[in-house]
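Shown next, in structure tokens, is the structure this report addresses.
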Amino acid sequence: MTAPVDHTHDSALRSWVPGADAPGGEFPIQNLPFGVFRRRGTGGAPRVGVAIGDRVCDVAAAAERGLIAGDARAAAEACASDSLNALMGMGPEAARALRHALVELLREGGSGERHADRLLAPMADVELFVPSRVGGYTDFYASIYHATNVGSMFRPDNPLLPNYKYVPIGYHGRASSIVASGTEVRRPWGQTRNSPDAPPQFGPSRRLDYELEVGLYVGAGNALGEPVPVSSAESHLFGLGLVNDWSARDVQTWEYQPLGPFLAKNFATTVSPWVVTMDALAPFRAPAFARPTGDPAPLAYLAQPAEAAGVDLTLEVWLSTAAMRANGTAPMLVSRGSFTHMYWSVAQLVAHHTSNGCNLQPGDLLASGTVSGPDKESRGCLLERTWKGTEPLTLPGGETRAFLEDGDEVVLRGYCERAGRARIGFGECRGRIAPAAATFPG
Ligand code: MN
């Protein structure tokens, strides 16, 4: 069960908002992603807004002016908040009613234009925050290409563990260290063991990496003890964003057995500010991953019709170093992949997560795991892209990178494009590496 395509996706729709109709833009009226913003320098409370063109629309302000009525009104009023949680918890019908009302407000000739000064803030003049108050953060491992690549580096004889094609593998991450796009990420200290013949050491990580991931934001939750069937799983998703699951590979290699990632991952996770709703994604659905002949079918509780289980979302990683920025060199495209390459669908991730009765709550974040595809250029982390550092990247200007150095900045981007449809973008998920603390407190 996916969100329907309706008149709000019509590529002929135009908006009175500056920049909304710019060719190749990210935020046309057909997108309307939600985020949390504050006008810079005002010191006021953050509010929920939608991105359109190069502006942010203050949704609650529209409700306060009586511009949003009917079913959408309560949803708009829930946007007078410093997080998306209240809106997310109202479920898909409320979010859809609000989307429809916003389209009426913001379309060419719409009633919002007379109130433009009160409703809109230039994107350049706002701060953007983590979109939801994340109570629980789970990270999956849903790309079979990523799992196979990483497995083959660590277990050449047995790259893919026998559970992979049956179980959507995941681990519980840390919600407290989720940070907004643009937040500096300090290189962590950690315990590593660089050689089996040497004792472990404690110091700044030398193998810092990013992971290109898609974040699934939970909308309506499920009660403890009540699994969500795969057929209605998407009605518990509010939308998707971008996630950078920063990873200290040297720490990870030493600590992960037998319980999985811990301090190698929880020092920071960067999220993009805008959540693209499942409604906005409706025209960009794609078939489920085609399992190769011989792969087992999903068990019954994970079985779903294949035709629209996937999302045709293109994802990119851009890298710039301090030297590149000083020289005025543009960031380099490090990889480009597709969310259609994931072995498990978003509905399967939700269904599996709740299959034991685990309760998901509005605003929770489920990340997909590193999005990697079959080609070298579509590998979504440096561990794979440089093959454990053995094939360093050469950057414009001649620098090389096996893993991230201090001052490196990683920008993730995502967009959906399809003939006859307005292109929609996810904005960016940006983070720059700050040097490790020079000394450890003690
Ligand atoms: Mn990850």
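Ligands are counted one by one from 1 in listed order, and the atoms in each one are counted from 1 as well.
The count of protein N, O or S atoms under 2.8 Å from the Mn ion (ligand 1) stands at 4, with waters excluded from the count.
Scanning both residues, Leu302 and Tyr166, for their nearest heavy atoms gives CD1-O, 3.8 Å.
If you run side chain to side chain contact (heavy atoms under 4.5 Å, CB included) between Cys416 and each of Asp312, Thr314, Leu313, only Leu313 comes through.
Between Asp279 and Arg96 there is a salt bridge, with a side-chain nitrogen of the basic residue lying less than 4.0 Å from a carboxylate oxygen of the acidic one. Ion pairing between Lys165 and Asp295 holds under the 4.0 Å rule for side-chain N and carboxylate O. Between Glu409 and Arg430 there is a salt bridge, since at least one side-chain N of the basic residue sits less than 4.0 Å from a carboxylate O of the acidic one.
Using bins of under 30°, 30° to 60° and over 60° for the plane-to-plane angle, the ring pair Tyr141/Tyr164 lands in the perpendicular bin.
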